[in-house]
Amino acid sequence: MIKDDLTNLIAQAIKKAQRKGDLPKFEVPEVILEHPKQAERGDYATPVCLQMARLARMAPMEIAKQVVKRLPRIEAIGQVEIAHPGYINITLSQQWLTQQVEDILATGETWGNINLGRGRKVQVEYGSANPTGPLHVGFGRNVVLGDGLANVLAAAGYEVQREYYVNDAGTQMDLFGETMYARYAQALGRDEPFPEGGYPGPYIEEWAREIAAEEGDKYLHMPREEALPILRDLGLAKVLACIREDVESLGIYYDNWFSERTLYEEGYFDRIMTLLRQGDYLFTREGAVWFAATRLGADKDEVLIRSNGEPGYFASDIAYHYHKFVVRGFDWVIDVWGADHQGHVPRMKAMMQALGLDPERLTLLIYQLVTLKRGGEVVRLSKRKGEIVTLREIIDEVGPDAVRFFLLSRSVDSQMDFDLDLAKEQSERNPVYYVQYAHARIASILRYAAEQGATAEGGDVSLLTHPSELALIRQMLLLPEVIEQAALNLAPHHLTYYAQDLAAAFHVFYRDCRVVSSDPADAEISRARLKLAQAAKTVLARTLHLMGMNAPESM
RNA sequence: GCGCCUGUAGCUCAAUGGACAGAGCGGCUGACUUCGAAUCAGUAGGCUGGGGGUUCGAGUCCCUCCAGGCGCGCCA
C-alpha cells in the first residue's frame, strides 16, 4: 500500500539525515501520514517534523527541509512541499495514479486486501442469542457488526472463523423444553398448564403445532420426564433452523455452530474446574462454588456452580474459551456483546489470566444498544409479554441491504436509533441506494458500451487526466487504508462512509466525463474511461460485499 | 452510590492528538434533446453540553459539573 511505502521512505529519510549529521540523534517517533483536508495540500501529509522539533531542538521548518532533501523521488511521488509550520505535503504523480487503474483491473475482486493479519487465526463470535425464539431485532446490530468485522479482518489478512455459540444447556433451556411440552400438549388438545416463567410468543406455539403434526401424539404417552428433553431438542432444532434462516436472509453464513452442551459432554467443564482448583481460584460460599475473580483484579467474584449443583453460565464461558484458545488454538478471539453485558468484561479478563492465557488475546467488542423507533416514537418492547419485534420483521419491512447498511453505519460506541419509518421513507434517496445506484449505473454504461461496440481493449490509462478522473482514482486507492483502519480499530462502520465517498466520486466523474461517445475522435479516451469505469465497478462491488450487501447490475 | 458508553449543524451521525470540524436527511436555489435525474451543482445552518487543565497543537487526553443510555443476581 502506497501509504506504507511513503511512511517508510520518510522514516528512512529522517534516519539518513541523522547519519549525515543534518539532524541530531534522537529516537525517531512514529511517522504519521494523514490526508489533508484541503486537496491543494496534496494526497498525504505528515506532521512528524512538528513532533521532532523538541527532540531535535530545531525549528520544524528546518527539520522538514532536511528530511525532504533525503527523501527519494520514487515514481509514485509527484510533488513534495514543505508547509508552515512544518508539515511535509506529498502529492502523488499523475502517471503513477493512472497506472493504478491497470493494477485494480488485474487484481480484481481481491483488490484492497492487505496483510495486516499475517495469517493469524482469529475467531469472531457473534449473534449468540439464547435459542429460545427468533432473533430479536436488537441482535441485528450484533450480527451485522460481527459479520462486517469478520469480512474486514479477512480482507486484512487474518484467517477468520465465524462462530455462533448455541446456548443449549442450562436452566433456560429446560424452561424452554417445558414451554415446548406445554404447547405441544395443547396443540394436541390436552389442557396442559403453561409453565411458570415460560416463553410466551406465537412462534413457539407454531413450532409445537408443527411437531405435533410431524411426530403425532407419541410423546404424550410417555412419562413427562422422558418427553421433556425430547421436545426440548425438537424445539431447539426448530429455533436453530429459524435463526439460521434469519441470518442467511442477511447474507450471513457461519463457519461453525458451537454447542454449549458439548462442553459438558466432552469433559471440558471438568477440565477447567480442575485447572482452576489447581490454581487456587476456587472457593465455596453459602453452598456455591465461586471463581475468585477479585484476586485477578476484577470487581466481583462470580458463581461457577450454584448451590443447587447446577453450573452457571460463567462456568460454561470458561470452558468455552478454554476450548477456543487451548483446544482449537485461535491466536485471537473477538466476542461481540451488547452493552448490557459490559459489566462482565473484567471477569472474562480474569478468567484468561486464571487459564494462563494472555488477556490481550481476547477482545470483548461492546456495542451500545439500538433503540427502535417508528415515526419518531420509541417502540417499547416487553420480552415478558412476548411483545418483541423480530429481526425477520425488520428485514421484511426494510430490506436486507438497508438493514445491513444502517446497522453497520454507526460506531460501536454510539447508541443508535433505528427509525423504521425513516429507513423506508428514505428508500428512494437514502445512502444505501445511493451507493448501489452508482454500481448499477456503471453496469448500465458497460452494457451500453458493449451494444455500441465500444471496448476497453488497448485503452491507455495515461489519458485519464481530468480532475474528476483523477479524483475517482484517488478515492479507489483509499480502500486498502479503509480496510486497515477498520481492522485496527474494529470499526467496520468506516466502510459505509467510504462507500458513499466512492459512489460520489463516480457520479462526479460521470457528470464531467463522457464515457461512451459517438464521436470517432473520442475513441481513445473512451477506451481509457471504460477501463476506469470497470475498475470503479470492481472497487464499489468489493466495498458493498465487505458490508455484506449486494452489488446490483440494475435496479 | 459505583462502573462502562455517549453529548458535534434542525434531525441521524462521521472525524488514526494535527492545518479552515465533515456527510446524509430536512430547508432554499438551479441543471435532463447522446452513456441511468435513485444523479449533479450552489446556498443557509456550529463557542463540538458547561468549566478547568496537559500539549507547539484538543471534538479527541486528564479533572470536575450537568444531561442521557446500559450494567451492578446463586439470570444469561
Side-chain angles (χ1 to χ4, degrees), chain A residues 30 32-34 36-38 41 45-48 50-51 53-54 60 83-87 89 128-130 167 170-172 197 285-290 299-300 302-308 310 312-314 316-317 338-346 366-369 371 373 376 406 409-419 422 425-438 440-449 451-452 454 481 484-485 488-489 491 493-494 496-497 500-501 503-504 506-508 510-519 526 529 533 554-555:
Chain A
E30 187 194 355
I32 292 166
L33 271 193
E34 58 186 25
K37 283 165 196 149
Q38 281 74 32
R41 290 176 171 153
T46 178
V48 72
L50 297 171
Q51 297 170 286
R54 170 174 296 177
H84 196 78
Y87 289 94
N89 294 336
S128 308
N130 280 336
N167 297 107
T171 47
Q172 95 276 345
R285 186 200 295 160
E286 294 167 8
V289 179
W290 294 69
D299 50 340
K300 286 171 48 184
E302 189 74 29
V303 167
L304 291 182
I305 303 176
R306 290 181 274 168
S307 52
N308 66 4
E310 292 286 327
Y313 82 97
F314 193 62
S316 294
D317 269 357
D340 49 344
H341 289 70
Q342 208 282 336
H344 298 284
V345 171
I366 307 293
Y367 62 91
Q368 299 300 311
L369 302 179
T371 306
K373 289 190 172 175
F406 272 110
S409 65
R410 311 296 187 229
S411 84
V412 294
D413 286 333
S414 163
Q415 308 159 204
M416 64 180 283
D417 292 340
F418 191 171
D419 193 317
L422 202 61
E425 187 182 306
Q426 291 179 349
S427 66
E428 283 292 309
R429 230 171 265 189
N430 72 22
V432 179
Y433 298 101
Y434 179 80
V435 174
Q436 290 184 322
Y437 177 72
R441 200 180 211 185
I442 299 173
S444 170
I445 292 169
L446 297 179
R447 278 193 303 269
Y448 180 77
E451 284 169 21
Q452 301 298 311
E481 293 178 29
E484 180 184 51
Q485 193 189 6
L488 283 174
N489 301 316
H493 71 280
H494 291 303
T496 63
Y497 289 87
Q500 292 176 77
D501 292 342
F506 178 78
H507 287 311
V508 171
Y510 175 84
R511 179 200 61 194
D512 292 339
C513 303
R514 180 84 201 177
V515 178
V516 185
S517 169
S518 49
D519 186 344
S526 189
R529 285 175 177 164
S554 66
M555 53 194 286

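First the proteins, then the strands, lettered A, B, ... as listed; each starts at 1.
Between A/His507 and A/Tyr437, the ring center distance clears the sub-6.0 Å criterion.
The listed nucleotides are B/A76, B/C13, B/G24; the one nearest the side chain of A/Tyr497 is B/C13. The A/Arg306 side chain lies nearest to B/A76 when the options are B/A15, B/C40, B/A76. Taking only side-chain atoms of A/Trp290, from C-beta outward, the nucleotide of B/C74, B/A14, B/C40 with the closest atom is B/C74.
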For nucleotides 17-20 of chain B, tabulate all protein N/O to nucleotide N/O atom pairs closer than 3.5 Å, reporting atom names and distance.
residue	atom	partner	partner atom	Å
B/G18	O2'	A/Tyr87	OH	2.2
B/A19	OP2	A/Lys37	NZ	2.8
B/A19	O2'	A/Arg41	NH1	2.5
B/A19	O2'	A/Arg41	NH2	3.3
B/A19	N6	A/Asn89	OD1	2.6
B/A19	N1	A/Asn89	ND2	3.4

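The shortest distance between the side-chain N/O atoms of A/Tyr367 and the OP1/OP2 oxygens of B/C70 is not below 4.0 Å. Phosphate proximity of B/A37 to A/Arg511: absent, as no side-chain N or O sits under 4.0 Å from OP1 or OP2. Contact between the side-chain N/O atoms of A/His344 and the OP1/OP2 oxygens of B/C72 is not found at any separation under 4.0 Å. Phosphate contact (OP1/OP2 of B/A14, side-chain N/O of A/Ser411, threshold under 4.0 Å): present. OP1 or OP2 of B/A14 lies within a sub-4.0 Å distance of a side-chain N or O belonging to A/Ser414.
The base-pairing partner of B/A38, taking Watson-Crick or G-U wobble contacts with both distances under 3.5 Å, does not exist among the strands shown.
Figure legend: cation-pi geometry between A/Arg441 and A/Tyr510, with NZ or CZ positioned under 6.0 Å from the six-membered ring centre and within 45° of its axis.
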